[in-house]
Amino acid sequence: MRSRPAPAPLLIVCALGIERFALRTGDRGGAGGRLTVLRTGMGPRAAERSVAELLAGAETAGTAVLATGFCAGLAPGMHPGDLVVAEETRDPLGAVPCVGTDLLVKELRRAVPGRTVHTGPLTGSDHVVRGPERSALLATGAIAVDMESAATLRAAVGTGDRPVAAVRVVVDAPEHELVRIGTVRGGISAFRVLRSVLPAFFEWHRSLPLPRR
C-alpha cells in the first residue's frame, strides 16, 4: 500500500516577541512537528525580508504560511480580543487573497468560544494608525490594520505557489485606543486569545490539499 504523502510544513509568522511567546506557550504539537514560528521584527520591510529569506530554498516549496499577531480594529464596535480573519491582505503594492477563510472562522469559534470573529480585508501600514486615519482606512472597505500581514503574504507568494492566510487579534479599536486607560486589560485579553488560536491554525493546515509527488 502506498503511504499517504505528508502535508507541507506550516510557517506561522509574527512580528513581536510577545506574539511569538503567546504562540509557543499555546503549542501542543498539533502540526506534527512540521511547524515553524518565525518572528520577523516590526514593520513591513522586516517582515518581507525575513519571510523571503526563509522561503528562498527549494526545501520550503509548498510551505503554508499564516500571518498572525495583534492588530488594530477599524470598525466601531470592535473590542480587544476580537479575531480578524482576512479575506485578503492589501497595501499600496497590491492585494493577496487568502485561502480557507470559512474553515478558519469555524475553527476559531470552536477554539475560542464567545469571541467575535470578523472577516474582511486586512490592510497594511508602515506605522501605528490612530484617529482620522483609522476612519479613512475603514472607508476603503478594510476592517483592520497591521504592519506586517500584507508584506508577509506578498513575500510568501512571491517565492512560489503556496496557501496563505492571515488571522489577527484586535488589541486596539476605535473605542479602545492604546493610549487610553484600559490598555493593559485589553492587551491581556488579546494575549490570552492569541494563546488559544493554534488548534484552529492546525485544522486549517490539515485541510489543505496534499502536495503533489
Side-chain angles (χ1 to χ4, degrees), residues 10-16 18-20 22-23 25-28 30-31 35 37 64-91 95-125 129 134 137-150 152-153 156 163-178 182-183 185-208:
L10 171 61
L11 174 64
I12 296 179
V13 182
C14 61
L16 305 177
I18 192 166
E19 295 168 338
R20 183 171 62 178
L23 293 163
T25 55
D27 184 14
R28 297 295 182 270
L35 168 68
V37 178
V65 176
L66 195 152
T68 194
F70 303 129
C71 72
L74 298 175
M78 283 183 156
H79 296 88
D82 285 2
L83 287 146
V84 173
V85 178
E87 294 176 341
E88 67 175 20
T89 58
R90 54 168 73 159
D91 66 8
V96 177
C98 295
V99 173
T101 299
D102 291 343
L103 177 66
L104 276 169
V105 170
K106 174 185 173 183
E107 295 299 333
L108 286 166
R109 286 173 174 160
R110 178 180 299 174
V112 197
R115 293 291 179 179
T116 301
V117 182
H118 307 269
T119 60
L122 175 62
T123 195
S125 174
V129 172
R134 193 193 299 264
L137 290 174
L138 177 63
T140 69
I143 63 169
V145 58
D146 76 273
M147 290 194 283
E148 296 84 24
S149 292
T152 292
L153 298 200
V164 295
V167 174
R168 290 274 170 172
V169 182
V170 174
V171 73
D172 176 45
E175 293 92 358
H176 304 273
E177 286 202 354
L178 288 172
T183 295
R185 180 182 301 175
I188 291 172
S189 176
F191 178 85
R192 288 174 174 167
V193 171
L194 190 58
R195 284 188 62 184
S196 303
V197 296
L198 280 178
F201 295 176
F202 296 150
E203 287 301 320
W204 174 80
H205 182 231
R206 280 192 283 264
S207 77
L208 298 173

Report the distance from atom CD1 of Ile12 to atom CG of Leu198, rounding to the nearest 0.5 Å.
5.0 Å
Apply side-chain hydrogen bond (donor to acceptor under 3.5 Å, both in side chains) to Arg20 and list each qualifying residue two or more places apart in sequence or on a separate chain.
none
Side-chain touch Asp172/Arg134, heavy atoms, less than 4.5 angstrom:
yes
Scanning both residues in full, the closest heavy-atom pair of Val193 with Val197 reads O-CG1, 3.2 Å
Roughly how far, to the nearest 0.5 Å, is the OG atom of Ser196 from the CZ atom of Phe191?
10.0 Å
Give, for atom OG1 of Thr119 and atom CD1 of Ile143, the distance between the pair rounded to the nearest 0.5 Å.
6.0 Å
Residue pair Cys71 / Val170, side-chain heavy-atom distance below 4.5 Å
yes
Approximate separation, where rounding is to 0.5 Å, of Leu83 CG and Met78 CE
10.0 Å
Applying side chain to side chain contact (heavy atoms under 4.5 Å, CB included), can you list everything that pairs with Leu137, at least two apart in sequence or on another chain?
Leu74, Thr123, Val129, Val145
Counterpart residues, salt bridge (charged side-chain N to carboxylate O under 4.0 Å, His left out), relative to Glu107 (two or more places apart)
Arg110
A side-chain contact here means heavy atoms from C-beta on lying under 4.5 Å apart; do Cys98 and Val85 qualify?
no
Please name the pair of heavy atoms, one in Leu122 and one in Ala166, separated by the smallest distance, quoted to 0.1 Å.
CD2-CB, 4.0 Å
Those residues at least two apart in sequence (or on a different chain) that pass side chain to side chain contact (heavy atoms under 4.5 Å, CB included) with Ala150 are Thr89, Asp91
Check whether any side-chain heavy atom of Thr68 lies under 4.5 Å from a side-chain heavy atom of Phe201, and answer yes or no.
yes
Derivation of the side chain to side chain contact (heavy atoms under 4.5 Å, CB included) call for Val169 and Arg115
CA-CA 10 Å; Val169 182; Arg115 293 291 179 179; over 6 Å; no
Do Val84 and Asp146 pass the side chain to side chain contact (heavy atoms under 4.5 Å, CB included) test, and can you show the C-alpha distance, the side-chain angles, and the key distance before you say yes or no?
CA-CA 11 Å; Val84 173; Asp146 76 273; over 6 Å; no
Any chance CG of Leu16 has more than 12 other-residue heavy atoms, nucleotides or ligands included, within less than 6.0 Å?
yes
At their closest point, which heavy atom of Gly81 faces which heavy atom of Ser189, and how far apart are they?
CA-OG, 3.9 Å
Which pair of non-hydrogen atoms, one from Pro121 and one from Gly141, has the smallest distance, and what is that distance?
CD-O, 3.5 Å
Side chain to side chain contact (heavy atoms under 4.5 Å, CB included) involving Ala165 - partner list, sequence neighbours excluded
Leu66, Leu104, Trp204
Cys14 to Leu23 - nearest heavy-atom pair and separation:
SG-CD1, 4.1 Å
Not counting sequence neighbours, which residues clear side chain to side chain contact (heavy atoms under 4.5 Å, CB included) with Ala15? List them please.
Glu19, Thr40, Glu148
Residue pairs passing the salt bridge (Lys or Arg N to Asp or Glu O under 4.0 Å) test with at least one member in residues 79-90, sequence neighbours excluded, are Glu88-Arg90
